[in-house]
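By convention in this document, chain letters (A, B, ...) are assigned in the order of the sequence lines, proteins followed by strands, and residues within each chain are numbered from 1.
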Amino acid sequence: MFQRIEMRLSGSGGQGVILAAIIFADAALEDGLNAIQTQSYGPEARGGASKAEVIISKDEIKYPKVVKNDILLSLTQKSYDKYIASLDKDGILVVDESVDVKEDVPYKVYKLPILSTAIDKIGTHMVANIVSVGVLYAIMGEGVINIETLKSSISNRVPPVTVEKNIRAFEEGIKLIRG
Amino acid sequence: MFQRIEMRLSGSGGQGVILAAIIFADAALEDGLNAIQTQSYGPEARGGASKAEVIISKDEIKYPKVVKNDILLSLTQKSYDKYIASLDKDGILVVDESVDVKEDVPYKVYKLPILSTAIDKIGTHMVANIVSVGVLYAIMGEGVINIETLKSSISNRVPPVTVEKNIRAFEEGIKLIRG
Amino acid sequence: MAKNKKSLVLNVESCKGCNICIAFCPKKVLELKNDKCVIARPDDCINCGMCELRCPDNAIYLVGGNKDE
Amino acid sequence: MAKNKKSLVLNVESCKGCNICIAFCPKKVLELKNDKCVIARPDDCINCGMCELRCPDNAIYLVGGNKDE
Amino acid sequence: MSNEKNYKLIQGNEACVEGALAAGMKFFAGYPITPSTEVAEISAQKLPQVGGKFIQMEDEIASMAAIIGGSLAGLKSMTATSGPGFSLMQENLGYASIAEIPCVIVNVQRGGPSTGLPTSPAQGEVMQAKWGTHGDHPIIALTPNSVQETYEYTIKAFNLAEKYRTPVIMLMDETVGHMREKLTYKDPSEIEIIDRKKPTCKPDEYLAYKADEDMIPPMASFGEGYRYHVTGLTHDETGFPTNNNKISGELITRLVNKVEKNVDDMAYFEEYEMEDAEVVIIAFGGVSRSAKTAIDELRKSGKKVGLFRPITIWPMLEKQIDKVAEQAKEIYVAEMNLGQYFYEVDRIAGKKCPVKKINKVTGELITPNEIIEAVNGGK
Amino acid sequence: MSNEKNYKLIQGNEACVEGALAAGMKFFAGYPITPSTEVAEISAQKLPQVGGKFIQMEDEIASMAAIIGGSLAGLKSMTATSGPGFSLMQENLGYASIAEIPCVIVNVQRGGPSTGLPTSPAQGEVMQAKWGTHGDHPIIALTPNSVQETYEYTIKAFNLAEKYRTPVIMLMDETVGHMREKLTYKDPSEIEIIDRKKPTCKPDEYLAYKADEDMIPPMASFGEGYRYHVTGLTHDETGFPTNNNKISGELITRLVNKVEKNVDDMAYFEEYEMEDAEVVIIAFGGVSRSAKTAIDELRKSGKKVGLFRPITIWPMLEKQIDKVAEQAKEIYVAEMNLGQYFYEVDRIAGKKCPVKKINKVTGELITPNEIIEAVNGGK
Amino acid sequence: MNFSEMTEKYYRTDKLPHIWCPGCGHGTLLNTVVRAIDKLGLNKDEVCIVSGIGCSSRAPGYLDFNTLHTTHGRALAFATGIKHANPNLHVIVITGDGDASAIGGNHLIHAARRNIDITTICFNNNIYGMTGGQYSPTTPTGDFGTTAPYGNTDSTFDLCNLVQGAGATYVARGTAYHAQAMEKLVVNAISNKGFSFVEGLSLCPTYYGRKNKKGDAVKMHEFLKDNCIDKKVVDKKPEMGENKIIIGEMYNNPKPEYTENYKVVIDKFQK
Amino acid sequence: MNFSEMTEKYYRTDKLPHIWCPGCGHGTLLNTVVRAIDKLGLNKDEVCIVSGIGCSSRAPGYLDFNTLHTTHGRALAFATGIKHANPNLHVIVITGDGDASAIGGNHLIHAARRNIDITTICFNNNIYGMTGGQYSPTTPTGDFGTTAPYGNTDSTFDLCNLVQGAGATYVARGTAYHAQAMEKLVVNAISNKGFSFVEGLSLCPTYYGRKNKKGDAVKMHEFLKDNCIDKKVVDKKPEMGENKIIIGEMYNNPKPEYTENYKVVIDKFQK
Ligand SMILES: Cc1ncc(C[n+]2csc(CCOP(=O)(O)OP(=O)(O)O)c2C)c(N)n1
Ligand SMILES: Cc1ncc(C[n+]2csc(CCOP(=O)(O)OP(=O)(O)O)c2C)c(N)n1
Ligand code: SF4
Ligand code: SF4
Ligand code: SF4
Ligand code: SF4
Ligand code: SF4
Ligand code: SF4
Ligand SMILES: [Mg+2]
Ligand SMILES: [Mg+2]
């Protein structure tokens, strides 16, 4: 069973990876786990690469930053290029299908139509981050965070009028893994 | 012969005791002596008691303030009251005749019509400080500072148009002692 | 009028001898002596209040007189 | 006129897809595709210069043409 | 806290506002600056809800001035800033010290000097917090290392400010200010709140700057009927300026002593794995968390390493550091600067054991590995 | 110096201007404040006479900014202030540090904190001079103790500023600033003048912040054809902002090292009666003169007392203080504050011998007697 | 109430005489402020006087109200904190030309912009008195100061224009000579619910007067008497304003006040 | 010279694209400044661009002149030092509404008062862009910002009024939409020997636009198009100015310049 997961969610500024990270951290708390969420800003982050980290752990979390990156999400080529080196060799990489990835790598790779799912299924690229939450949830499995907690965390953190859309996005994300 | 003299010149703000002190220090330099001149300002010095110090010495002057006050000049009651306690028992006190002084004191006392001399002989109280320079010079004697040096120092430091008046004031000061 | 006439008071401690009241007194009631104001001719005072109005030090003022005036 | 017509250049690297040139082009020459401006109908361009004037990123501009004009 | 559950995932900066509100903050004046801006933003949002006042001033000088005004008018007051703004606040911070005005100044440290690295963590203002304003003066500064602590120590910061009538600095770093973690709210009944001591005498007997035995003068608010004078000039017990040398010396000495002599009352610190520690790491704020992880690792390899973490970073915890030096064979001071707290540790502990530096000014948190390597003689 | 005699009775503040002019000062921007105002007044009078520029700015923040601008435009620049103004200059002082702009800041110390005792001497800004601005940064500060030294060390201050491309602080105190003593002018041919290093490359090859071996980048003036960029953000060799962590760390480290590693080149100090001294007094500025008188007296009674007087107060003279500690049985640090330089002396020397404080914050110069009593165990 | 009773009631008489030089205009102007407060019948406990640093800024220390002597130039920022925290207080700032318009210029324009209910009285003597006679932003071009040994080359601030441009709702100029008129301007200024600014032309015989050969305090009063003209007169006959200093009410145009606007926000949550 | 050549000649092209968000008005305004400089044919080595801190203040970094990016609000104080030290330089300050009028207000009014030959271009987007959308002194009352969650209760600065009241000799307002007119105003401003101020209404779709539901960059341009009216028109038909933003030349009234006045003093001693 899991003891600690260190995730890094990356994309371009405005794709909402920070919110995705917050949703995980939030849900983890509700499930009685420890969680910490951080991000790196740049003064030039507008449009540039954006990064958010979440650590979820059964133990107290001391050092708050990712050391052993278990899961890396990259929604853009830029962010993949920037952060791939730090992914743990036993880790998991999740990228949008538009990203070119290296072959012959030790870690597991999921290349998925995240952005297009958001646009095609929900009608807006704005929910790509929540599709990603679904994807990551499905990959991690129930063992880490409860699906209901995650859903209620989504509902609490997105603008009220968009809750329904986002829950659908979440479910579409799950489908990308579970079919 | 003298090795070191520590003078304190006091009066009310505007009486020019600082200038008097500068004139002594200036002249001392010209005579090849060491000299240092300091003063205490107060934010409230306008109209209040004003104090200037000069140390003249054949040796290097380290501590720049008066410790053993050899000569105290007080043109006003207020300044006499404030500084008399620090006069050395072997020292010399010079006060304007308007100042009430303690009797039975170890130091030597000169009570002189300095202010009235300035007004009566030169026609302005503005030169009371230079009258004082004359008085102090006469008390100390040639052994310390040369009369000509002192005169040229006065000439250099007072406004050009008032040189003659001030030289006369100086001489009137000398007369107060030498008659 | 006489019964209502205010009297002029000088607080010598406060006076700094700036000469302002003296210069602006329309009746030349005041004089400067030894760097202080002096009420030289109190009887000439017409209670105009210019002195107290302009004294920077509240050193001179009128008291008494008819309150209603 | 034709010989003096300037040609429209788009620096794709610089374009941030803000839509301003597109919206203010009087002849609807431009379009937004994949968050970038595209010169969709170059022949319709009348060289009015509105696009280059308002592009915040110097990403679109006219070159060539009669210098004297 | 109207939500039923008593915890929440929030940022350090938000926890700071929650702590301030719990302590009774009713006035905030500030000027935005990364990475402290959320403190102002959340104050702007929450203060009117509790009848409090927010104001965005024209700059940091004015912000510091305004909170002194707010405090004099009787409201518990706070401002928040980062490096450049903290430099600008220094003159009026000194005013708060000499005029004995309770207030809290949050400084969320970022990379310096000057504009530096606005969005990156650093701990470059440890010494400035103590020495940034001219002249001798008292300063209390606290450094939390988590969201929870930010909440709790902001409450304590207000309490110390009120109790000692002095400005208190919350010396945070970007790491702590921007991380999100669980905050468990305290029940109001569990929170100790200290309010400034008020005069009990009649207004015409009030000597605004006459200290009681505890070195602290009671403080009336403007408008309460105690008409008194406040000045940044050296003053006597009445609060009016004086040039009297003796009184002047006594004033400055009292001001500094009311903090320095009461250090035991405000000595917050944590000891981690210290029982048998032979090597001691001294770290605070974000870096102390790296240190803990490093210690966990080092302990696995058998090294007896412990952490001494000052939370009260000023006044200096001389007694505690001295005790650490008694026990330690080696001390490392790890800071996101080129060595600041190090100097004081070296002064106190250096007489008893070697004190070494672990520094970093790249705009990143020191990692556990860097500490491990340093302790293992890697550098 | 058009007068025939080469000496004059002048105030320390005036000597400071004479030194600055001798060093080539051509630009002064300032805002009046007691007890430094004469520096501005005399600059206003003398600069136009030599084709230089004076400007009275709206405040001290602007004054500090203006001298940075003046220096960038190629003129040797200075400002002068006292405590409150020094606090206000801190932000832009940090800018001068990171942007490596040569300039001289005179701080004539008066009683603090806040408005304090405006006309009285103090030495309350020893630590502020080093730590007053946010973030790690280099600082050089010199403390003359006489009118003659004020002249000479103002020249050196300009030279160090120009050589190391860094702000240099003349840390004076009211005693020295306002005393009148003899100043003997130097013949221009005897005065060593250092000018900033200029680029020798072509303009398009100029990397404005690429340091030579000596850690110092050559500096072009605005308007000379080298069009370059200057920023207070962390930057790379080109002078443009970067967030690269490695480059950022290297920049700050280089800035601090160019001063710290060159301490031997700027280590000015005086030893008085040190040959056989067992008790050493460490003092600077006005107080060092009291110490000398005290030592003369103490020697008369057979005590082997000496003075170590740092003139360079920052960077810290570690080597020299360590040597003093080797020799001394006891060290006293005498300062007109509640203990500032003491902390660094205690850190360095305290490992080898006891270090004690002699302090005074009454607005008066420490007297020889007070030092004598302290050394004799009077307190 | 006569002048003597006024002194007793409003001054801290044990602090008198004040530190001002003989003939300093600040004393006269301060009296006008005191009389205005008396005229308005303000409760002493609800009056708060705030100042910066300078000769003029020493004023609050002599007055028996809640008084605050702050740092140079910052009085309005402190005052803003006080007023915002406790809008019941009548907050009056007494400042100098240097304090208000040199180092304090930014706080002046922002207090004006906010239209916060603070009355600012600036004792303008065209010089930095406290520090010994340096020229200030209001020193006339060409005049001398210790830092303008060859005559001031700076242009001169018109403070009334400045604060009006910044948004003040009451702006006026009086003088120490025209003490009764000044008193009325201060009454109106305090009565204005919003930011009010009254420039009081003062005189510094010690520095400005001496440096510029303007004669003694009496001469300087006479200068004010001879060279000022009321705005109302000039509005009718503009030619009379030539080479004169315009005094009187410059601008009076109330608009919503800062603390009242803010109260609306708070009140939303108080139901 | 066409726009492409202009970019090549005056921009540091290796620093592009700039950090500004898509549609940010600052880019358009910066181009107007560059074109104005080109029109005047200034020597690049003699042009010095100075800024403070903010999105707008990032401008100098992109321009191939002597460029100085200073501390927040202080650009004009640095610029004053440069200009006074070397009056041959054409000194242009590019600043933001926050930089120029909040923290930098004092330097703004004093540079205006001195009438020093510096041209200040203020990119006014009614918000603090760089720090993420706090309201600024120019944010309209009632509008939202992250620190004005219930609507801004502050009054709004009219920057042109302010600098005119402070003594500037050339004052104008343009917008990013009216780019050609803006260019001309900048040409006139630089040509004025004295302190010139041009407020350029910019737009921040990212923060001001989003917070205030003003739509995207295009919508915000349209707003400028629809809501601005030239002063010349309003001067003739005042009723047309109602509820409009007045643009164009506000004030143009040369007077002696600071560095030239000072030169007279220096010249006295150069004979
Ligand atoms: C930060 C700071 N800078 C400078 C000073 C010095 N200073 C004190 S008062 C003053 C000028 C006062 O001028 P003004 O406001 O016109 O008042 P006045 O003395 O003329 O009445 C100055 C420059 C200070 N106290 N603090
Ligand atoms: C002393 C200081 N205070 C605050 C900041 C933070 N800060 C940076 S830019 C900025 C506001 C910029 O607003 P504006 O000038 O309008 O420029 P914009 O980003 O909107 O173009 C602030 C508050 C700072 N860098 N320095
Ligand atoms: S009241 Fe009038 S008449 Fe009487 S003394 Fe005063 S000024 Fe003169
Ligand atoms: S005006 Fe006042 S201070 Fe001046 S002389 Fe008259 S009474 Fe004295
Ligand atoms: S030049 Fe005019 S017509 Fe041509 S693309 Fe640009 S805006 Fe459209
Ligand atoms: S205006 Fe410029 S940046 Fe915007 S879409 Fe058009 S070309 Fe691209
Ligand atoms: S120096 Fe001038 S302003 Fe100050 S008290 Fe004296 S006369 Fe008044
Ligand atoms: S935040 Fe606003 S002002 Fe800044 S670059 Fe983006 S759009 Fe422009
Ligand atoms: Mg003044
Ligand atoms: Mg803006």
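Checking H:L68, H:V91, H:N86 one by one against F:F222, the side chain to side chain contact (heavy atoms under 4.5 Å, CB included) holds for a single residue, H:L68.
In this structure the side chain of H:H69 never reaches within 4.5 angstrom of the side chain of F:V230, judged on heavy atoms. The side-chain heavy atoms of F:H229 and H:L63, taken from C-beta on, include no pair separated by under 4.5 Å. F:M57 has its side chain within reach of H:R114: a pair of non-hydrogen atoms, C-beta onward, lies under 4.5 Å apart. With contacts defined as side-chain heavy-atom distances shorter than 4.5 Å, the pair H:R74/F:E91 qualifies. For the pair H:H107 and F:D59, the minimum side-chain heavy-atom distance is below 4.5 Å.
If you look at H:F78 and F:Y95, their ring centroids are closer than 6.0 Å.
Chain H forms more heavy-atom pairs under 4.5 Å with one residue of F:S221, F:A66, F:P203 than with any other, namely F:A66. In terms of non-hydrogen atom pairs under 4.5 Å with chain H, the most contact-rich of F:I55, F:I68, F:L72 is F:I55. Listed options F:A99, F:S77, F:G232, F:G52 were ranked by heavy-atom pairs under 4.5 angstrom with chain H; first place goes to F:G52. Between chain F and the residues H:A75, H:A79, H:G61, H:G73, the most heavy-atom pairs under 4.5 angstrom are made by H:G61. Of all the listed residues (H:T259, H:N88, H:D64), the one sharing the greatest number of non-hydrogen pairs under 4.5 Å with chain F is H:D64.
Contact of F:F27 with chain H is made through the side chain alone, with heavy-atom distances under 4.5 Å. For a residue to count as touching a neighbouring chain, one of its non-hydrogen atoms must lie under 4.5 Å from one of that chain's; by this rule F:I67 does not touch chain H. Residue contact with chain H, scored on non-hydrogen atoms closer than 4.5 Å, involves the backbone and the side chain of F:F54 alike.
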Under the side chain to side chain contact (heavy atoms under 4.5 Å, CB included) criterion, do H:R58 and F:L233 qualify, and how do the steps go?
CA-CA 11 Å; H:R58 284 301 192 100; F:L233 284 165; 3.3 Å; yes
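Atom NZ of H:K44 has more than 12 heavy atoms from other residues, nucleotides or ligands within 6.0 Å. Taking a 6.0 Å sphere around NZ of F:K210, one finds it holds 12 or fewer heavy atoms contributed by other residues, nucleotides or ligands. With a 6.0 Å radius and a threshold of 12 heavy atoms from other residues, nucleotides or ligands, F:K197 has its NZ atom above the threshold.
Taking the ring axis of F:F240 as reference, the NZ or CZ atom of H:K15 stays within 45° of it and closer than 6.0 Å to the ring centre.
When all heavy atoms are compared, the tightest approach of F:P48 to H:V265 is CB-CG1, 3.9 Å. H:A85 and F:K53 make their closest contact through O-NZ, 3.5 Å (heavy atoms, listed as atom of the first residue, atom of the second, distance).
The residues H:E46 and F:R227 are annotated as not salt-bridged, no charged nitrogen and carboxylate oxygen being separated by less than 4.0 angstrom.
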